[in-house]
Asker: 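This is the structure, below, for whatever I ask next.
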Amino acid sequence: MNSRKDHLDGLAIGTLLACCMFWGLQQVLVKSIMGEVAPLFQASLRCVGACVLLLAWCRVRGVRLFARDGSLWPGLLAGGLFAAEFACIYLGLRYTSASRLTVFLYTSPFWVAALVPLFVKSERLRPLQWLGMACAFVAVAFAMREGLGAGSHGDSALGDLLGLAAGALWGLTTVTIRAKNLTRIAPEKLLFYQIATTAVAVPWISLALGESWNFNWSPLAWGSMLAQTVIGAFASYLAWMWMLGRYPATKISVFVFLTPLFALLFGTWLLGEAATPTLLAALGLVAVGIVLVNRKPG
């Protein structure tokens with residue numbers, strides 16, 4: 001069954017919370033092992049590994065990935081946008097902190113909210129939902145204001161721009177999926193277009209930038225890569241693709257404003273960043289924004 005729903009139910013909310021929590025951790029995982037594993041090499045390996053897992057999953061479940069269904073060119077477009085997004089994320093983490101890049105990355109819901117209604121009229125946002133989006137965005141900016149305003153130096157601005165570019169590319173990927181009706185295909189196939197394109201394209205960028213490829217890693221690096229591959233590039237994105245086909249894209253995208261706040265929490269725990277009352281206040285404001293955006297019409 002793949003019936004569409006107009007509002008997020010308990011299953012969607014629980015799944016989104018789990019995904020957002022891991023995505024907040026993921027940037028910290030990437031950043032923490034860059035001294036051992038080059039960033040685009042990380043992105044390449046995680047997507048190659050996720051492709052292997054997805055092929056095995058589809059074989060067991062009988063999902064046909066290569067049947068002709070008219071989705072090839074739109075699927076490759078979505079895959080190309082996805083690959084470019086992750087190249088920007090991993091390169092951006094060279095120059096700026098994980099939590100700082102994450103807040104720029106999660107401007108993506110604004111691209112979705114602005115563009116999806118042009119193609120899917122049923123997902124036009126009401127004024128109250130726009131207010132919810134504004135609350136969520138202000139909360140993220142408020143939580144990050146100390147980091148964003150404190151002593152940027154070197155190439156930090158480049159990292160910020162790459163984070164913004166990644167956010168735009170993620171939003172455009174979601175818009176492409178909805179506008180080209182890619183939600184009609186199996187979530188597994190939709191995910192395969194994205195991770196397979198990344199697995200093919202990003203290694204060449206890594207080589208062109210002269211990144212070192214080696215596997216002389218610490219246990220931390222192995223654990224990080226395992227988590228990025230199995231949970232990040234496979235399980236969480238498969239869940240995301242499934243939800244895009246079942247729930248309104250604008251409401252799902254706004255919900256992920258929680259991820260930068262999870263990134264701050266994990267950054268505090270694992271990278272020694274300071275947790276302040278500002279962060280706690282922002283968490284409450286994000287919750288208010290999510291409630292407003294997902295409120296059912298009277």
Side-chain angles (χ1 to χ4, degrees), residues 19-50 78-112 140 144 147-148 155-176 191 193-206 208-209 211 221 224-225 227-229 231-237 240-241 253 256-264 266-267 270-271:
C19 288
C20 292
M21 186 177 297
F22 181 81
W23 293 337
L25 174 64
Q26 182 169 253
Q27 315 304 340
V28 175
L29 292 175
V30 174
K31 185 76 173 179
S32 67
I33 65 169
M34 278 192 173
E36 297 181 68
V37 191
L40 291 185
F41 187 39
Q42 288 188 51
S44 303
L45 290 176
R46 73 194 289 267
C47 285
V48 170
L81 290 168
F82 184 87
E85 174 200 339
F86 274 84
C88 288
I89 291 172
Y90 279 72
L91 285 175
L93 286 170
R94 277 182 167 180
Y95 307 111
T96 191
S97 68
S99 55
R100 182 165 176 156
L101 181 135
T102 303
V103 72
F104 291 113
L105 172 63
Y106 281 85
T107 58
S108 64
F110 286 95
W111 293 87
V112 175
V140 170
M144 297 297 295
L148 292 174
D155 293 319
S156 182
L158 176 58
D160 295 346
L161 289 173
L162 286 167
L164 282 171
L169 289 162
W170 184 8
L172 290 172
T173 302
T174 301
V175 170
T176 298
L191 177 59
Y193 275 124
Q194 295 176 79
I195 59 175
T197 303
T198 305
V200 170
V202 172
W204 294 102
I205 304 175
S206 174
L209 293 176
E211 289 188 345
S224 172
M225 288 306 306
Q228 289 184 55
T229 300
I231 303 175
F234 174 63
S236 69
Y237 293 147
W240 176 261
M241 295 300 106
S253 295
V256 298
F257 269 117
L258 282 172
T259 299
L261 302 180
F262 280 124
L264 279 174
F266 286 119
L270 298 173
L271 300 180

Asker: Any side-chain heavy-atom pair from Gln42 and Leu93 closer than 4.5 angstrom?
Answerer: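 No - every pair of side-chain heavy atoms lies 4.5 Å or more apart.
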Asker: Any side-chain heavy atom of Leu209 within less than 4.5 Å of one from Leu91?
Answerer: yes
Asker: Would you compute the distance between atom CZ of Phe86 and atom CD of Gln194 and round it to the nearest 0.5 angstrom?
Answerer: 9.0 Å
Asker: Does the separation of the ring centres of Phe266 and Trp23 fall below 6.0 angstrom?
Answerer: no
Asker: Are Leu29 and Phe22 close enough that some pair of their side-chain heavy atoms sits under 4.5 Å apart?
Answerer: yes
Asker: Please step through side-chain contact (heavy atoms from CB on, under 4.5 Å) for the pair Arg46 and Val30, ending with a clear verdict.
Answerer: CA-CA 11 Å; Arg46 73 194 289 267; Val30 174; over 6 Å; no
Asker: Hey, does Trp170 have a side-chain heavy atom less than 4.5 Å from the side chain of Leu105?
Answerer: yes
Asker: If you take all heavy atoms of Thr102 and Gln27, which pair is closest and at what distance?
Answerer: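 Looking at all heavy atoms of both residues, the closest pair is OG1-CG, 3.2 Å.
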Asker: Please list all pairs passing the salt bridge (Lys or Arg N to Asp or Glu O under 4.0 Å) test where one or both residues lie in residues 85-94, with sequence neighbours left out.
Answerer: Arg94-Glu211
Asker: Taking all atoms of both residues into account, what is the closest heavy-atom pair of Ala165 and Cys88, and its distance?
Answerer: CB-SG, 4.0 Å
Asker: Whether the side chain of Ser206 engages the backbone of Val202 through a donor-acceptor N/O pair (distance < 3.5 Å, no angle test) should be reported.
Answerer: no
Asker: Write down the atom of Ile195, the atom of Ala233, and the distance for their closest heavy-atom approach.
Answerer: CG2-O, 3.9 Å
Asker: Would Phe82 and Thr197 satisfy side-chain contact (heavy atoms from CB on, under 4.5 Å), going step by step from the backbone distance to the final call?
Answerer: CA-CA 8 Å; Phe82 184 87; Thr197 303; over 6 Å; no
Asker: Rounded to the nearest 0.5 Å, how far apart are CD1 of Ile89 and CG of Leu40?
Answerer: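 Going from CD1 on Ile89 over to CG on Leu40, the span is 11.0 Å.
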Asker: Side chains of Gln26 and Thr259: does their closest heavy-atom pair fall under 4.5 Å?
Answerer: no
Asker: What's the spacing between Trp240 CH2 and Thr174 OG1 if we round to 0.5 Å?
Answerer: 5.5 Å
Asker: Which heavy atom in Val28 sits nearest to a heavy atom in Gly24, and how many Å separate them?
Answerer: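 Here Val28 and Gly24 meet closest at CG2-O, 3.9 Å.
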Asker: Can you check whether Leu25 reaches Leu270 side chain to side chain, under 4.5 Å on heavy atoms?
Answerer: yes
Asker: What are the two closest non-hydrogen atoms of Gly232 and Tyr237, and how far apart are they?
Answerer: O-CD1, 3.1 Å
Asker: Give a yes or no answer on whether the side chain of Ser236 reaches the backbone of Cys19 with a donor-acceptor pair at less than 3.5 Å.
Answerer: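 A pair under 3.5 Å: no.
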Asker: Kindly give the heavy-atom pair with the smallest separation between Ser224 and Ile33, and that separation in Å.
Answerer: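 Shortest heavy-atom contact: OG-CD1, 3.5 Å.
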